[in-house]
Amino acid sequence: MSAREYFVSAEARQAKRWDMVEQHKDAISKLNELGNELKQFAHSWREMADTYDHWKEYIFRVNDDGIEVKRPARAASHGDGWASDRVAKVPSAHFDFESIATLLRDLERTKKEVDELESQVKDIGAA
């Protein structure tokens, strides 16, 4: 039985390196996408939390799309228009526990994947 190598050519090894680098880039992209989604969740909840101190001044509109917090419309001080009356908006998806849990699980799983791939691409000198 002769000893032979798994990668039968330099091109096959190079293709594998390229594949590893692409996997790493894809994992980083996915991690950033998930992080951006978490930021959107946090932003909407932060806006809602900021209404707490003056809750008596606001109108809360609840519908299938989510919750919108508004203040009574008033004339804008800088011109002919009206000041925006929306203070906060939390989409209904941001209330879905399963959606949030799935996002956070995917985020943690992807962080581990990025770490593993980063270690691998560094070990082959591709990072």
Side-chain angles (χ1 to χ4, degrees):
M1 178 177 242
S2 66
R4 56 181 214 174
E5 293 185 24
Y6 180 79
F7 294 109
V8 294
S9 67
E11 291 82 15
R13 283 187 64 215
Q14 189 62 31
K16 181 59 189 173
R17 285 178 183 228
W18 179 257
D19 183 48
M20 290 171 68
V21 169
E22 288 299 307
Q23 286 176 23
H24 183 239
K25 281 197 242 179
D26 287 345
I28 289 172
S29 178
K30 182 179 179 182
L31 183 62
N32 286 320
E33 292 157 4
L34 291 166
N36 183 270
E37 189 67 13
L38 180 60
K39 181 180 177 181
Q40 298 304 312
F41 272 73
H43 178 74
S44 68
W45 278 100
R46 186 176 306 113
E47 281 185 339
M48 174 69 98
D50 288 345
T51 68
Y52 172 74
D53 289 336
H54 304 286
W55 63 270
K56 289 181 182 180
E57 299 172 22
Y58 300 123
I59 299 165
F60 296 88
R61 297 212 172 141
V62 180
N63 57 42
D64 291 343
D65 295 333
I67 295 175
E68 197 169 29
V69 183
K70 295 184 170 205
R71 69 172 67 90
R74 59 181 185 234
S77 60
H78 64 277
D80 299 324
W82 290 89
S84 172
D85 63 341
R86 189 171 90 194
V87 177
K89 181 173 179 155
V90 183
S92 58
H94 291 188
F95 290 101
D96 180 13
F97 177 79
E98 281 303 315
S99 179
I100 296 167
T102 300
L103 171 64
L104 295 175
R105 282 188 210 105
D106 283 354
L107 188 66
E108 289 305 312
R109 195 172 25 250
T110 304
K111 286 194 297 190
K112 288 177 185 174
E113 181 182 358
V114 167
D115 288 346
E116 289 173 12
L117 288 166
E118 192 160 322
S119 175
Q120 291 174 5
V121 295
K122 280 182 181 176
D123 287 348
I124 63 170

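Sequential numbering from 1 along the given sequence is applied to the chain's residues.
Here the side chains of Arg61 and Ile67 are not in contact, with every heavy-atom distance at 4.5 Å or above. Taking 4.5 Å as the limit, some side-chain heavy atom of Leu104 sits within range of a side-chain heavy atom of Leu38. The shortest distance between side-chain heavy atoms of Lys122 and Ser119 does not fall below 4.5 Å. The shortest distance between side-chain heavy atoms of Phe60 and Thr51 falls below 4.5 Å. Lys111 has its side chain within reach of Leu31: a pair of non-hydrogen atoms, C-beta onward, lies under 4.5 Å apart.
Criterion: ILVMFWY side-chain heavy atoms under 4.5 Å apart, direct or through other members. Under it, Leu103 and Val114 are part of a common hydrophobic cluster. Val69 and Trp45 end up in the same hydrophobic cluster when Ile, Leu, Val, Met, Phe, Trp and Tyr side chains are linked at under 4.5 Å. Cluster annotation: Ile59 and Tyr52 are assigned to distinct hydrophobic clusters (Ile/Leu/Val/Met/Phe/Trp/Tyr, side-chain heavy-atom contacts under 4.5 Å, transitive). Hydrophobic clustering of Ile, Leu, Val, Met, Phe, Trp and Tyr side chains at less than 4.5 Å, counting indirect connections, keeps Met48 apart from Phe41.
Considering all non-hydrogen atoms of both residues, Lys89 and Ser44 come closest at O-CB, 3.4 Å.
Taking OH of Tyr6 as the start and NZ of Lys16 as the end, the distance is 8.0 Å to the nearest 0.5 Å. Atoms CG and CZ, from Leu34 and Arg105 in turn, are 13.0 Å apart once rounded to the nearest 0.5 Å.
Of the possible donor and acceptor atoms, none in the side chain of Thr110 sits under 3.5 Å from a partner among the backbone N and O of Leu107. Using modelled atom types, one side-chain atom of Asn32 and one backbone atom of Ile28 make a donor-acceptor pair closer than 3.5 Å. Although no hydrogens or angles enter the test, the distance criterion places no donor-acceptor pair under 3.5 Å between the side chain of Thr102 and the main chain of Ser99.
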Asp115 vs Lys112, salt bridge (charged side-chain N to carboxylate O under 4.0 Å, His left out): CA-CA, chis, key distance, verdict: CA-CA 5 Å; Asp115 288 346; Lys112 288 177 185 174; over 6 Å; no
Stepwise side-chain contact (heavy atoms from CB on, under 4.5 Å) check, Gln120 with Met20: CA-CA 8 Å; Gln120 291 174 5; Met20 290 171 68; 3.6 Å; yes
side-chain contact (heavy atoms from CB on, under 4.5 Å) between Tyr58 and Lys70, worked out: CA-CA 5 Å; Tyr58 300 123; Lys70 295 184 170 205; over 6 Å; no
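Glu113 and Arg109 are not joined by a salt bridge, as no carboxylate oxygen comes within less than 4.0 angstrom of a charged side-chain nitrogen. A salt bridge links Lys25 with Glu22: the distance from a Lys NZ or Arg NE/NH1/NH2 to an Asp or Glu carboxylate oxygen falls below 4.0 Å.
Glu33 and Ser29 are linked by a side-chain donor-acceptor pair at a separation below 3.5 angstrom, with hydrogens and angles left out of the test.
For Asp53, there are no salt bridge (Lys or Arg N to Asp or Glu O under 4.0 Å) partners two or more places apart in sequence or in a different chain.
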